[in-house]
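Everything on this sheet refers to the single structure shown next.
Below, chain A is the first sequence line, B the second, and so on; all start at residue 1. Model, not experiment: these values are computed from the prediction.
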There are 2 protein chains.
Amino acid sequence: MSQALRQNRIHQLVKQKGYLTIDELVAHFSVTPQTIRRDLNQMADQGLIERHHGGAGLASSVENTAYQTRKIQHLAEKKRIAEQVARHIPDHSSLFINIGTTNETIAQALLDHRGLKVVTNNLHVAAMLSARPDFTVIIAGGEVRSRDGGIVGEATRDFVHQFKLDYGIIGISGIDEDGTLLDFDYQEVRIAQAIMENSRYVYLAADHSKYGRNAMVRLGNLTQCSAFFTDARPAQALTERLHQHQVDLHVC
Amino acid sequence: MSQALRQNRIHQLVKQKGYLTIDELVAHFSVTPQTIRRDLNQMADQGLIERHHGGAGLASSVENTAYQTRKIQHLAEKKRIAEQVARHIPDHSSLFINIGTTNETIAQALLDHRGLKVVTNNLHVAAMLSARPDFTVIIAGGEVRSRDGGIVGEATRDFVHQFKLDYGIIGISGIDEDGTLLDFDYQEVRIAQAIMENSRYVYLAADHSKYGRNAMVRLGNLTQCSAFFTDARPAQALTERLHQHQVDLHVC
DNA sequence: TTACCGATGTTCTAAATTATTCGTTTTTGT
DNA sequence: ACAAAAACGAATAATTTAGAACATCGGTAA
């Protein structure tokens with residue numbers, strides 16, 4: 001195994017576990033401690049990880065928050081959903097992306113696209129997509145919530161209203177049995193509504209954990225969307241309603 | 001099998017597996033390692049794959065931008081400077097941070113502080129600092145430059161003018177012998193100036209590579225700052241000027 | 001046919017990577 | 001605080017890989 005590859009794997013492992021001892025890495029890769037030290041030192045020089053005695057951990061910029069753990073939940077499902085959503089977004093189109101871990105996974109999947117124009121109030125999405133020089137990334141201004149990297153508030157809503165884009169990609173906290181979309185956060189709902197108003201197509205992405213979850217604030221109804229991407233078939237009644245309102249259902 | 005055909009197959013295999021050793025390819029195609037190397041080098045020249053020792057892998061979609069390399073240059077010096085700047089920022093104070101890799105290092109060093117209130121037009125700084133729940137991070141809105149994660153423009157300047165904070169931390173591209181601060185980017189300069197106007201203390205951080213570098217746009221003069229943090233003692237004349245204007249000089 | 005051209009194989013030296021050894025520093029247990 | 005154990009970094013040796021130079025092969029066009 002080459003050095004580059006091993007360092008990549010180490011980086012992934014560190015991001016996953018938060019901390020690794022040299023012994024663990026020696027056992028994992030079957031090389032000498034000295035080799036691991038060289039790797040870790042090189043990576044620390046690049047700021048990829050933080051070097052400690054006996055091992056290495058995350059560079060302090062990426063601390064493990066509640067948000068980080070939420071991000072790993074249902075990751076496989078989210079990735080499948082994200083792949084599917086990305087397939088339905090053509091190159092060179094314009095889109096909104098709002099807050100939510102599912103949306104961030106979608107942003108990741110969109111990295112292979114070309115020339116996208118993206119308006120977002122999600123700091124993580126902006127950071128991810130702005131790495132692509134051919135993308136236009138526009139971020140809303142305001143106070144950043146540490147909880148999820150979201151930017152919310154009146155000003156953000158006005159900001160969204162400046163645009164009229166092809167696609168709006170929104171995430172939610174819960175879906176009621178009758179298709180009512182629910183969220184925990186009042187401000188976030190206002191922004192999602194603004195996005196729905198100003199998008200030609202509205203794509204909703206939600207994994208099965210959102211079914212029947214009780215959140216407080218009403219956002220709208222599933223029937224207002226153009227397409228619904230999920231990983232588990234919804235209840236029969238809801239499926240029929242979607243069909244009636246010509247909402248495309250994509251079960252991934 | 002022709003060269004073109006083999007290279008095509010290699011490309012497919014790399015995309016499939018993510019990484020291939022030369023040995024694997026030698027076995028797969030029954031040719032000598034030298035032939036494989038020639039193939040890989042040619043393909044790497046075209047940017048199709050990324051060459052490593054012992055094999056080749058995917059060309060990372062996140063291209064190694066000029067920004068990425070700039071970020072590693074003088075990293076050790078930048079870290080020392082950042083530590084020193086951080087020591088001069090008290091907990092619970094408010095500050096501006098603008099664009100630049102040095103500023104990002106400073107943001108990193110500020111992660112150990114408490115209750116900071118930060119206004120920035122630097123996406124990376126915002127992402128880093130927003131991980132801390134007790135920080136208030138406010139980001140300017142607008143188009144994100146992929147080059148450096150900066151948000152610039154008229155609106156950003158107005159945004160800065162909304163605030164009056166304790167500290168302004170600015171970076172620059174060059175310092176002339178007489179202390180003139182220079183930058184390559186006109187828009188960036190406007191924002192730095194706005195920050196200087198609206199900060200009670202202005203901290204300038206610049207490593208030695210900035211001395212005598214010729215950038216085009218005039219930002220201001222070192223004497224307008226409250227303190228100057230660097231890693232190498234400036235020329236005698238400049239040192240005296242700083243002393244005359246009561247600018248604190250910190251050589252780290 | 002014959003000279004030429006590109007691709008491949010062969011050989012050899014330089015460079016990169018890894019393992020090993022050893023003295024020094026840091027951590028840990030008492 | 002002290003000593004043992006663990007970990008570190010530097011130096012060096014061993015191994016692997018890279019790259020250049022040249023020979024060979026097969027096809028092509030004059």
Side-chain angles (χ1 to χ4, degrees), chain A residues 1-60, chain B residues 1-60 63-64 68-69 71-80 83 108-109 112 231 252:
Chain A
M1 179 179 294
S2 81
Q3 192 185 41
L5 187 56
R6 187 178 52 240
Q7 293 193 5
N8 251 326
R9 297 272 323 131
I10 292 176
H11 193 192
Q12 286 176 3
L13 287 171
V14 169
K15 278 196 288 191
Q16 214 172 80
K17 302 219 171 186
Y19 187 85
L20 291 170
T21 66
I22 291 197
D23 282 345
E24 283 170 351
L25 290 168
V26 165
H28 191 289
F29 293 106
S30 306
V31 291
T32 57
Q34 191 59 31
T35 300
I36 295 296
R37 285 197 196 99
R38 264 188 294 262
D39 286 336
L40 296 184
N41 287 344
Q42 283 171 26
M43 293 166 74
D45 283 344
Q46 294 170 35
L48 262 52
I49 57 172
E50 191 156 296
R51 192 74 169 78
H52 299 129
H53 232 94
L58 290 170
S60 54
Chain B
M1 180 181 290
S2 79
Q3 192 185 38
L5 188 56
R6 186 178 53 241
Q7 293 194 4
N8 252 326
R9 292 281 314 136
I10 292 176
H11 193 192
Q12 286 175 4
L13 286 170
V14 169
K15 278 195 287 192
Q16 210 173 86
K17 301 218 170 189
Y19 186 86
L20 291 170
T21 66
I22 291 197
D23 283 344
E24 284 169 351
L25 289 168
V26 165
H28 191 289
F29 293 105
S30 307
V31 291
T32 56
Q34 190 58 40
T35 301
I36 295 296
R37 284 196 198 101
R38 271 188 282 254
D39 285 336
L40 296 183
N41 287 344
Q42 284 171 26
M43 293 167 73
D45 284 344
Q46 294 169 38
L48 263 53
I49 57 172
E50 190 157 298
R51 191 74 168 78
H52 297 134
H53 233 94
L58 290 170
S60 56
E63 294 155 47
N64 220 15
Q68 300 274 355
T69 42
K71 194 163 177 176
I72 314 179
Q73 281 174 349
H74 311 290
L75 186 61
E77 290 91 331
K78 282 175 185 166
K79 277 193 173 163
R80 278 208 310 278
E83 282 301 323
Q108 177 108 29
D112 291 332
D231 63 323
C252 316

### Task
Look at R37(B) and dG19(D) and indicate whether a side-chain polar atom (N or O) is within less than 4.0 Å of OP1 or OP2.
no
### Summary
Tightest non-hydrogen contact, residues I36(A) and V31(A), listed as CD1-CG2, 3.7 Å
### Task
Nearest-nucleotide wise, let me know which of H53(A) and P33(A) is further upstream toward the 5' end of DNA chain C.
P33(A)
### Test item: H52(B) and L5(A) side chains (from C-beta on) under 4.5 Å apart, heavy atoms
no
### Query
Taking atom P of dA16(C) as reference, at what distance in whole Å does atom CZ of R51(B) sit?
13 Å
### Query
Quick one: is dT18(C) close enough that its OP1 or OP2 comes under 4.0 Å of any side-chain N or O from Q3(A)?
yes
### Message
What I'd like to find out is whether the side chain of Q7(A) reaches to under 4.5 Å of the side chain of L48(A), using heavy atoms alone.
### Response
no
### Task
Report yes if at least one side-chain N or O of N41(B) is closer than 4.0 Å to OP1 or OP2 of dG19(D); otherwise report no.
yes
### Query
Is there a donor-acceptor contact under 3.5 Å linking the side chains of Q3(B) and R6(B)?
no
### Message
Angle between the end axes of the helix from dT1(C)-dA30(D) to dT30(C)-dA1(D), five pairs per end, to the nearest 10 degrees?
### Response
30°
### Query
Do R80(B) and E83(B) come close enough that some side-chain heavy atom pair is under 4.5 Å?
no
If you restrict it to nitrogen or oxygen atoms, what contacts under 3.5 Å exist between nucleotides 9-12 of chain C and the protein, and what is each distance?
{"residue": "dG9(C)", "atom": "OP2", "partner": "T32(B)", "partner atom": "N", "Å": "3.2"}
{"residue": "dG9(C)", "atom": "OP2", "partner": "T32(B)", "partner atom": "OG1", "Å": "3.0"}
{"residue": "dG9(C)", "atom": "OP2", "partner": "T35(B)", "partner atom": "OG1", "Å": "2.5"}
{"residue": "dG9(C)", "atom": "N7", "partner": "R38(B)", "partner atom": "NH2", "Å": "2.9"}

### Side chain to side chain, L25(A) and L40(A), heavy atoms closer than 4.5 Å
yes
